Amino acid sequence: MDVANKSTMLEFVLLGLCNSWELQMFFFMVFSLFYVATMVGNSLIVITVIVDPHLHSPMYFLLTNLSIIDMSLASFATPKMITDYLTGHKTISFDGCLTQIFFLHLFTGTEIILLMAMSFDRYIAICKPLHYASIISPQVCVALVVASWIVGIMHSMSQVIFALMLPFCGPNEVDSFFCDLPVVFQLACVDTYVLGLFMISTSGIIALSCFIVLFHSYVIVLVTVKHHSSRGSSKALSTCTAHFIVVFLFFGPCIFIYMWPLSSFLTDKILSVFYTIFTPILNPIIYTLRNQEVKIAMRKLKNRFLNFNKAMPS
């Protein structure tokens, strides 16, 4: 289609998860609670790591950045969806749609690289403990975080540029609660088969490749831990198990959505809810419940807060 013949799509209609008013009110309450819990839980992790000097280590520095990304991932679309349930205004401008695509791929791309950095950190700590301090220095940690954001920006820009090149001249109803390429390109006035191959070759294969690398690294770590029977290895096993649970919960839905971009919209909706709403709250739960150091630090933070309130004049 000639570029000059492309019509300008001013806005899209987000169909959301369902049409039932009762279900919409149910989702409003559930997602509101999950969003608040996500922000509170991840904020608590960030504050705890910053305040407690015992947690000033590379692993917890990376964990803090993961919590920041999770809060960002939970905020790019969920607040609008919650607001839409109350107002009934489910439209989004074309620029707003592109903005959601940009931030979705920015935060997911950044989190993918950050999870790989956390895997690398655990691999060095367990498989090469004598060289850990020299390899995983504060400068290296900062470089890994910066690199994750750079990769995320580059990936998200490629998705937005691709979306800008698509011609939209037909229906404008997005069968989801936020804009993403697998659902938006269904509305383009071009053959979606080629677009599906593009999605597989970019987001899908990249996510699958990163997951395979991460899985392989954690297998090596777990095999190494198995050959060491000590309290330290038990702690390492618990930490790595928590890390792998996070990796699996994050990559599973992403790989399915982008490797099968033409799958049923119902399945995609469920998986989209999972990795944009449920996963960000699962991360702090997993890391706090399975990490004794974080739990102790949080108890200390709570006691300091209670003692401060008692010392305040009435």
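Since this is a predicted model, take the numbers as computed values, not measurements.
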Exercise. Between Phe178 and Phe76, does the ring centre distance come in under 6.0 Å?
Worked result: yes
For this session: Please report the closest heavy-atom contact between Val160 and Leu98, naming both atoms and the distance.
Result: CG2-O, 3.9 Å
For this session: Please report the C-alpha distance between Tyr35 and Ser75 in whole Å, then the side-chain angles of each, then the deciding distance to 0.1 Å, and finally whether the side-chain hydrogen bond (donor to acceptor under 3.5 Å, both in side chains) criterion is met.
Result: CA-CA 8 Å; Tyr35 180 71; Ser75 300; 2.9 Å; yes
For this session: Say whether Ile150 and Leu104 are linked into one hydrophobic cluster, either directly or through other cluster members, by side-chain heavy-atom distances under 4.5 angstrom.
Result: yes
Exercise. Got more than 12 heavy atoms from elsewhere within 6.0 Å of CE, Met25?
Worked result: yes
For this session: Report yes or no: does Ser137 contribute a side-chain atom to a donor-acceptor pair with the main-chain N or O of Ser134 at less than 3.5 Å?
Result: no
For this session: Drop me the distance from Ile135's CD1 to His131's NE2, to the nearest 0.5 angstrom.
Result: 6.5 Å
Exercise. Linking I/L/V/M/F/W/Y whenever any side-chain heavy atoms sit under 4.5 Å apart, do Met29 and Phe27 land together?
Worked result: yes
For this session: Report whether Ile296 and Val51 are members of the same hydrophobic cluster (ILVMFWY, side-chain heavy atoms less than 4.5 Å apart, transitive linking).
Result: no
Exercise. With a cut-off of 6.0 Å (strictly less than), are more than 12 heavy atoms of other residues, nucleotides or ligands near NZ of Lys295?
Worked result: yes
Problem set entry | Donor-acceptor contact present, side-chain Asn42 to main-chain Thr38, <3.5 Å | yes
Seminar exercise, completed: Separation between CG (Leu44) and CG (Leu301), nearest 0.5 Å, reads 6.5 Å
For this session: Please confirm whether Phe107 and Phe103 have ring centers closer than 6.0 angstrom.
Result: yes
For this session: Please tell me if the side chains of Lys80 and Phe177 come closer than 4.5 Å, counting only heavy atoms from C-beta onward.
Result: no
Problem set entry | Minimum heavy-atom distance His56-Ile50, with the two atoms named | NE2-O, 3.0 Å
For this session: Side-chain contact test, heavy atoms from C-beta onward, threshold under 4.5 Å: evaluate it for Phe162 versus Ser158 and give yes or no.
Result: no
Problem set entry | Side-chain donor-acceptor pair present, Ser217, Ser119, cut-off under 3.5 Å | yes
For this session: Evaluate the criterion side-chain contact (heavy atoms from CB on, under 4.5 Å) for residue pair Asp180 and His105; output intermediate values, then yes/no.
Result: CA-CA 9 Å; Asp180 192 13; His105 288 273; 2.9 Å; yes
Exercise. Can you find a heavy atom in the side chain of His54 that is under 4.5 Å from one in the side chain of Glu293?
Worked result: no
For this session: Specify whether Phe274 and Phe278 have parallel, tilted or perpendicular ring planes, treating 30° as the upper limit for parallel and 60° as the lower limit for perpendicular.
Result: perpendicular
Exercise. Atom OG of Ser148 and atom CG of Leu62: how far apart are they, to the nearest 0.5 Å?
Worked result: 8.5 Å
For this session: Please tell me if the side chains of Ile45 and Met298 come closer than 4.5 Å, counting only heavy atoms from C-beta onward.
Result: yes
For this session: In sequence, state the C-alpha distance, the side-chain angles, and the governing distance for Ile112 and Phe211, and then conclude on side-chain contact (heavy atoms from CB on, under 4.5 Å).
Result: CA-CA 9 Å; Ile112 285 175; Phe211 177 76; over 6 Å; no
For this session: Verify whether one side chain among Asp52 and Tyr60 offers a donor that lies under 3.5 Å from an acceptor in the other.
Result: no
For this session: Check whether Ile153 and Val142 end up in the same hydrophobic cluster, where Ile, Leu, Val, Met, Phe, Trp and Tyr are linked by side-chain heavy atoms less than 4.5 Å apart.
Result: yes
Exercise. Does some side-chain heavy atom of Leu144 sit less than 4.5 Å from a side-chain heavy atom of Val140?
Worked result: yes
Problem set entry | For the student: nearest non-hydrogen atoms of Pro280 and Leu73, plus distance | CG-CD2, 4.5 Å
Problem set entry | Nearest-0.5 Å distance that lies between atom CD1 in Ile101 and atom CG in Leu106 | 13.5 Å
Exercise. Are any side-chain N or O atoms of Glu11 and backbone N or O atoms of Thr91, one a donor and one an acceptor, separated by less than 3.5 Å?
Worked result: no
Exercise. What distance do Ile136 atom CD1 and Lys128 atom NZ have between them, rounded to the nearest 0.5 Å?
Worked result: 10.5 Å
Exercise. What about Val219 and Leu214, same hydrophobic cluster or not, with Ile/Leu/Val/Met/Phe/Trp/Tyr joined at side-chain heavy-atom distances under 4.5 Å?
Worked result: yes
Exercise. Do Phe168 and Phe12 make the cut of ring centroids closer than 6.0 angstrom?
Worked result: yes
Exercise. Do Val151 and Thr110 have side-chain heavy atoms sitting under 4.5 Å apart?
Worked result: no
For this session: Side-chain contact test, heavy atoms from C-beta onward, threshold under 4.5 Å: evaluate it for Lys90 versus Leu15 and give yes or no.
Result: no
Exercise. Should Phe28 and Met81 be marked as a side-chain contact (heavy atoms from CB on, under 4.5 Å) after you check the CA-CA gap, both sets of side-chain angles, and the distance that decides it?
Worked result: CA-CA 8 Å; Phe28 166 77; Met81 177 183 63; over 6 Å; no
Problem set entry | Side-chain heavy atoms of Phe215 within contact of Phe248, under 4.5 Å | no
For this session: Provide the closest heavy-atom pair for Cys127 versus Ile220 in the form atom of the first, atom of the second, distance.
Result: SG-CG2, 4.1 Å
For this session: Test Glu111 against Asp70 for side-chain contact (heavy atoms from CB on, under 4.5 Å), laying out the working first.
Result: CA-CA 8 Å; Glu111 183 157 340; Asp70 281 335; 3.1 Å; yes
Problem set entry | Considering all heavy atoms, the nearest Phe102-Met157 contact | CE1-SD, 3.7 Å
Seminar exercise, completed: To the nearest 0.5 Å, atom OG1 of Thr276 lies from atom CZ of Phe31 at 8.0 Å
For this session: Provide the closest heavy-atom pair for Cys179 versus Gln100 in the form atom of the first, atom of the second, distance.
Result: N-OE1, 2.8 Å
